[in-house]
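One-based numbering, in listed order, for ligands and for the atoms of each. Computed from a predicted structure; not experimentally measured.
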Amino acid sequence: MGGVKETIKFPYPAFYFKNNSLFLLDQTKLPQEINYLEIKDLSDLIKVIKELKVRGAPLIGVVAGYGVYLLSQKIEENLKETLLSAIFQLKNTRPTAKNLFYVLDSLEEIIKKEKDPQKIKEKIKKKVFYFHKKEIDNCLKIAKYGDRLIPKKAKILTICNTGHLATGGLGTALGIIFYSAKKGKKITCYICETRPLFQGARLTTFEILNSSLKNIKPILITDNMVGSIMKDMDLVLVGADRVALNGDTANKIGTKTLAICAKYYKKPFYVACPTSTIDRNIKSGKEIKIEERDKEEIIKIKDYYLAPKEIECYNPAFDITENKLITAIITEKGIIYPPFKKGLLKIFDII
Ligand code: MRU
């Protein structure tokens with residue numbers, strides 16, 4: 001790998017364990033405050049996921065898994081019922097990101113199949129730690145594949161946050177950028193601020209500036225600048241929350257605008273995600289449930305109202321980028337080019 005040191009130390013981990021408790025970095029406070037929240041019970045975890053204090057498709061899956069594991073350690077009676085109810089509630093927090101369901105479905109299967117409570121606890125522990133390690137490994141594999149698509153000197157446009165704070169590992173789209181920069185490529189990374197919750201402005205800028213990688217120059221833009229800067233970009237690189245079998249991709253609202261502009265200016269548009277984000281049970285993006293969030297996120301910043309309180313709003317958290325707008329999907333199993341269905345079925349060993 002040309003002497004590349006493959007890991008980047010993140011000075012502020014997305015989460016950590018202490019005395020068998022889970023502590024999560026409150027992402028809503030970044031970049032102003034570094035504040036870790038102790039997750040004491042299931043209701044704490046549900047609240048932080050719903051409020052996006054922890055977010056990003058792979059990270060939500062891992063953290064929800066750890067939540068079920070910690071809960072299992074505390075329960076003496078009605079283990080199966082309590083855990084299945086917890087899983088049901090966790091699944092109701094955020095409907096779009098596949099990774100949450102990927103982890104929870106697998107834990108649900110263990111609980112339903114296994115009779116012995118002690119074995120349930122052991123199997124859950126093993127599975128959750130495995131999922132976490134796998135997401136970290138997958139990020140690095142995605143980065144290595146993605147690096148093949150990055151020129152020595154590149155202007156890259158991205159949206160939202162797809163780094164350590166969204167995965168617990170190196171990241172997906174941002175992981176590729178980190179990896180290529182570490183390898184010596186010179187990257188100017190244009191970051192959409194990502195209205196309404198500013199994950200680009202608050203989190204991606206924070207991560208890049210704290211990575212101490214000299215080869216990445218982050219430039220923050222407002223979302224409405226995309227059309228005017230696209231002609232100067234070399235490529236667009238984004239993450240994903242759920243990918244359908246035909247390649248249609250749900251990602252942060254605004255992603256589709258980037259894809260349409262990229263197509264117009266003939267720029268490559270790449271999606272980076274682990275296979276845990278791919279939903280092989282759905283044929284197209286039409287079947288993806290898009291999370292709609294509270295209008296307060298649009299009309300208010302902290303306590304300041306930007307718009308009249310009574311105004312009606314529409315606040316979908318994600319949009320669907322149609323497969324025909326996507327140049328390639330970068331996964332830990334390789335780079336998939338259109339027709340995506342064939343490529344995706346192949347990596348799942350279905351054909
Ligand atoms: O609402 P969020 O902040 O959870 O949305 C996150 C995104 O849309 C990311 O792009 C996606 O989860 C990919 S993260 C590797």
For ligand 1, which atoms have a heavy atom of [X] less than 4.0 angstrom away?
{"X": "Phe318", "answer": "1 (O), 5 (O), 8 (O)"}
{"X": "Leu52", "answer": "1 (O)"}
{"X": "Thr167", "answer": "15 (C)"}

Test your reading of the structure: does [X] have an N or O sitting under 3.5 Å from an N or O of ligand 1?
{"X": "Gly56", "value": "yes"}
{"X": "Ala57", "value": "yes"}
{"X": "Thr172", "value": "no"}

Under 4.0 Å between a side-chain nitrogen and a carboxylate oxygen: does that hold for [X] and [Y]?
{"X": "Lys256", "Y": "Glu322", "result": "yes"}
{"X": "Lys185", "Y": "Asp147", "result": "yes"}
{"X": "Asp137", "Y": "Lys133", "result": "yes"}
{"X": "Lys153", "Y": "Asp234", "result": "no"}

Practice problem: Kindly check if the number of other-residue, nucleotide or ligand heavy atoms within 6.0 Å of CD (Gln73) is above 12? | Solution: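 Result for CD/Gln73: enclosed.
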For [atom], what is the closest protein heavy atom, and at what distance to 0.1 Å?
{"atom": "atom 10 (O) of ligand 1", "result": "Asn251 OD1, 2.7 Å"}
{"atom": "atom 14 (S) of ligand 1", "result": "Ala166 CB, 3.6 Å"}
{"atom": "atom 5 (O) of ligand 1", "result": "Lys252 CE, 3.3 Å"}
{"atom": "atom 8 (O) of ligand 1", "result": "Asp241 OD1, 2.8 Å"}

Practice problem: State the NZ-OH distance between Lys155 and Tyr190, to the nearest 0.5 angstrom. | Solution: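 The distance works out to 4.5 Å.
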Quiz item: What distance do Ile191 atom CD1 and Arg202 atom CZ have between them, rounded to the nearest 0.5 Å?
Solution: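 Going from the CD1 atom of Ile191 to the CZ atom of Arg202 covers 13.0 Å.
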Quiz item: Counting heavy atoms only, which of Glu291, His164, Arg94 comes nearest to atom 4 (O) of ligand 1?
Solution: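 Of the listed residues, Arg94 has the closest heavy atom.
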Exercise. Examine the proximity of ligand 1 to Gln199 and report which part, side chain or backbone, both or neither, has a heavy atom under 4.0 Å away.
Key: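 For Gln199, the contact with ligand 1 is made by the side chain alone.
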Quiz item: Should the proximity of Thr255 to ligand 1, defined as any heavy atom under 4.0 Å, be assigned to the side chain, the backbone, both, or neither?
Solution: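 For Thr255, no heavy atom sits under 4.0 Å from ligand 1.
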Practice problem: Could you establish whether Pro58 and ligand 1 come within less than 4.0 Å of each other, counting only heavy atoms on the residue side? | Solution: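 So Pro58 counts as touching ligand 1.
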Self-check item: Proximity flag Ala240 to ligand 1, non-hydrogen atoms under 4.0 Å
Solution: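 The answer is yes, since Ala240 has a heavy atom less than 4.0 Å from ligand 1.
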Quiz item: According to the interplanar angle, ranging from 0 to 90°, do the rings of Tyr16 and Phe23 count as parallel (below 30°), tilted (30 to 60°) or perpendicular (above 60°)?
Solution: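 Correct class here is parallel.
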Quiz item: Do Arg242's NZ or CZ and the ring of Phe318 fall within the cation-pi criteria of under 6.0 Å and 45°?
Solution: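 Negative - Arg242 is either too far from the ring of Phe318 or too far off its axis.
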Quiz item: Do the two ring centres, one from His132 and one from Tyr69, sit under 6.0 Å apart?
Solution: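 His132 vs Tyr69: aromatic centres not under 6.0 Å.
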